[in-house]
Number of protein chains: 2
Amino acid sequence: MSATTPETPTKLQLLELLAAIGTAQWRDFAAAAAHHGLTSTQAKVLAQLNGPLPMRALATLLVCDASNVTGIVDRLEGRGLVRREADASDRRVKNVVATDEGRDVIRRVREEMQATHGALDTLGAEDSATLYALLARLRPGMEKDA
Amino acid sequence: MSATTPETPTKLQLLELLAAIGTAQWRDFAAAAAHHGLTSTQAKVLAQLNGPLPMRALATLLVCDASNVTGIVDRLEGRGLVRREADASDRRVKNVVATDEGRDVIRRVREEMQATHGALDTLGAEDSATLYALLARLRPGMEKDA
DNA sequence: CCCGATGCTTGAGGAGGTCAAGTAAATGCT
DNA sequence: AGCATTTACTTGACCTCCTCAAGCATCGGG
């Protein structure tokens with residue numbers, strides 16, 4: 001234990017801090033999305049659409065019922081941010097693809113998460129790398145389902 | 001750049017990782033809450049109630065409209081997890097206080113966030129302290145509103 | 001060829017969220 | 001004191017998100 005090592009936090013403190021940061025980032029995201037007339041759920045869906053994605057895949061990613069995705073995509077399609085395309089090899093599936101406008105909007109939403117960007121900017125390269133490495137170690141355990 | 005220093009991540013990578021962890025933790029929390037018949041929002045409210053809290057204060061903490069809190073507290077009160085008490089010095093305000101059962105339930109929810117607990121357990125004391133310190137530096141910037 | 005599994009939509013119903021309006025109580029300004 | 005403004009909460013209308021049950025179309029394996 002070197003002189004510069006901070007006190008070891010309790011697991012509860014760490015949990016609470018992690019929750020606070022998660023909440024803050026989510027609010028930042030929701031605010032940026034709202035700026036473009038999107039709910040946070042709609043923005044989240046848009047954020048997944050790097051390529052065409054079947055409805056089912058979307059439901060799996062969001063960990064929700066397929067029927068829920070129908071409604072969300074309906075609303076996104078209504079605004080012209082997304083398109084349903086027939087799948088070439090399976091006529092049951094509909095691939096969802098972001099329109100040019102959709103891609104543009106989600107790019108701006110990401111850029112406009114000012115609180116998050118600002119906070120991350122206070123970290124130097126070395127601290128960023130350390131944080132990244134620690135979070136990367138946490139991730140697999142967190143995403144495992146009970 | 002020493003041999004053991006990991007590559008510096010881009011801000012986008014760090015942002016994405018932070019979002020993933022936040023999402024995973026939220027899901028863990030929601031699952032634990034559901035185990036006790038609570039929605040995640042209800043559990044979140046219950047988690048704030050260390051002492052009596054006026055409806056208005058609750059709305060401010062949750063960053064939502066006061067009318068929304070009315071409904072959430074109605075449902076919690078219906079299950080006997082919470083009580084509305086008249087305020088001694090201002091007859092307009094109603095203080096919300098957790099019942100014994102309410103306190104018990106939220107304590108169990110926290111304990112049952114297994115994915116999160118499991119992930120945090122993989123970190124040693126020193127790594128925990130490092131992570132805690134880095135997140136603590138991030139927090140104020142993240143909670144500042146745009 | 002038929003039968004079960006898969007992909008999507010629809011409809012009913014609950015919870016979370018906002019806004020506008022209403023009531024009751026506190027505060028503040030002459 | 002008295003009247004106007006503000007503040008705390010509730011109600012009602014209306015939307016989105018979410019789940020479950022049911023239905024339809026298509027796919028794939030005996």
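In what follows, every chain begins at residue 1, and chains take the letters A, B, ... in the order their sequences are listed. Just so you know, these numbers come straight off a predicted model, no measurement behind them.
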Trainee: Closest-nucleotide mapping onto DNA chain D: is A/Arg91 or B/Asp74 further toward the 5' terminus? I mean the 5' end.
Mentor: B/Asp74
Trainee: Backbone N or O of A/Ala129 within a donor-acceptor pair of the B/Thr8 side chain at under 3.5 Å?
Mentor: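 Checked: no pair found.
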Trainee: Dump every N/O contact between nucleotides 28-30 of chain D and the protein below 3.5 Å, one line per pair.
Mentor:
none

Trainee: For A/Asp28 and A/Thr116, indicate whether the former's side chain and the latter's backbone hold a donor-acceptor pair under 3.5 Å.
Mentor: yes
Trainee: Atom CG of B/Asn68 and atom P of D/dC14: how far apart are they, to the nearest Å?
Mentor: 18 Å
Trainee: Whole angstroms only, please: what is the CG-P distance between B/Asp65 and D/dT7?
Mentor: 15 Å
Trainee: Report yes if at least one side-chain N or O of A/Arg84 is closer than 4.0 Å to OP1 or OP2 of C/dT9; otherwise report no.
Mentor: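 True: A/Arg84 side-chain N/O within range (under 4.0 Å) of C/dT9 OP1/OP2.
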Trainee: Report yes if a side-chain nitrogen or oxygen of A/Arg75 is closer than 4.0 Å to either non-bridging phosphate oxygen (OP1 or OP2) of D/dC15; otherwise report no.
Mentor: no
Trainee: C/dA15 P sits how many Å from B/Glu77 CD, rounded?
Mentor: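 So the CD-P distance, B/Glu77 to C/dA15, works out to 15 Å.
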Trainee: Quick one: does any side-chain atom of A/Thr60 pair with a main-chain N or O of A/Arg56 as donor and acceptor, under 3.5 Å?
Mentor: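 Yes, A/Thr60 side chain to A/Arg56 backbone: donor-acceptor pair under 3.5 Å.
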Trainee: Taking only the side-chain heavy atoms of B/Ser67 (C-beta and beyond), determine which of C/dC8, D/dC17, D/dG12 contains the nearest atom.
Mentor: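 Among the listed nucleotides, the one closest to the side chain of B/Ser67 is D/dG12.
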Trainee: Taking the minimum atom-to-atom distance to the side chain of A/Ile72, which one of D/dC18, D/dT10, D/dT19 wins?
Mentor: D/dC18
Trainee: Return the set of residues passing side chain to side chain donor-acceptor pair (under 3.5 Å) with A/Arg103 (not counting sequence neighbours), or none when no residue passes.
Mentor: A/Asp100
Trainee: Give, ordered by number, those residues of residues 31-39 of chain B having at least one heavy-atom distance below 4.0 Å to an atom of DNA chain D; if nothing qualifies, reply none.
Mentor: none
Trainee: Give a yes/no on whether any side-chain N or O of A/Lys94 is located under 4.0 angstrom from OP1 or OP2 of C/dT9.
Mentor: yes
Trainee: What is the separation between atom CD on A/Gln42 and atom P on D/dC15, rounded to the nearest whole Å?
Mentor: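 So the two atoms are 14 Å apart, to the nearest Å.
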Trainee: Between B/Gln42 and B/Thr39 (side chain of the first, backbone of the second, donor and acceptor by atom type, cut-off under 3.5 Å), is there such a pair?
Mentor: yes
Trainee: Answer yes or no: is there an ion pair linking A/Asp87 with A/Arg91, defined by an N-O contact shorter than 4.0 Å?
Mentor: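 A/Arg91 and A/Asp87: not salt-bridged.
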Trainee: Round to the nearest Å and state the distance from A/Leu62 atom CG to C/dC8 atom C1'.
Mentor: 15 Å
Trainee: Of all the choices, D/dT19, D/dT11, C/dT18, which nucleotide is nearest to the side chain of A/Cys64 once you look at every atom?
Mentor: D/dT19
Trainee: Given C/dT10, D/dC17, C/dT18, identify the nucleotide with an atom nearest to the side chain of A/Thr41.
Mentor: D/dC17
Trainee: Rounded to whole Å, how long is the line connecting atom CG of B/Asp87 with atom C1' of D/dT7?
Mentor: 13 Å
Trainee: Can any side-chain N or O of B/His117 pair as donor or acceptor with the backbone N or O of B/Arg110 at less than 3.5 Å?
Mentor: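 The answer is yes, because a donor-acceptor pair under 3.5 Å joins these two groups.
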Trainee: Using whole Å, what does the distance between atom C1' of nucleotide D/dC18 and atom CG of A/Leu58 come to?
Mentor: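 These atoms are roughly 15 Å apart.
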Trainee: Where the side chain of B/His36 meets the backbone of B/Ile106, is there a donor-acceptor pair that is under 3.5 Å apart?
Mentor: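 Here the side-chain-to-backbone pair does not exist.
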Trainee: Given D/dT10, D/dC18, C/dT9, identify the nucleotide with an atom nearest to the side chain of A/Met55.
Mentor: C/dT9
Trainee: State the OG1-CD distance between A/Thr10 and A/Glu16, to the nearest 0.5 angstrom.
Mentor: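 Here the interatomic distance stands at 9.5 Å.
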Trainee: Roughly how many Å is it from CG in A/Leu46 to P in D/dC17, rounded to a whole number?
Mentor: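 Taking atom P of D/dC17 as the reference, CG of A/Leu46 is at 12 Å.
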Trainee: Would you check if the side chain of A/Glu85 reaches a backbone N or O of A/Lys94 as a donor-acceptor pair within less than 3.5 Å?
Mentor: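 No; judged by distance alone, with no hydrogens or angles, the pair does not exist.
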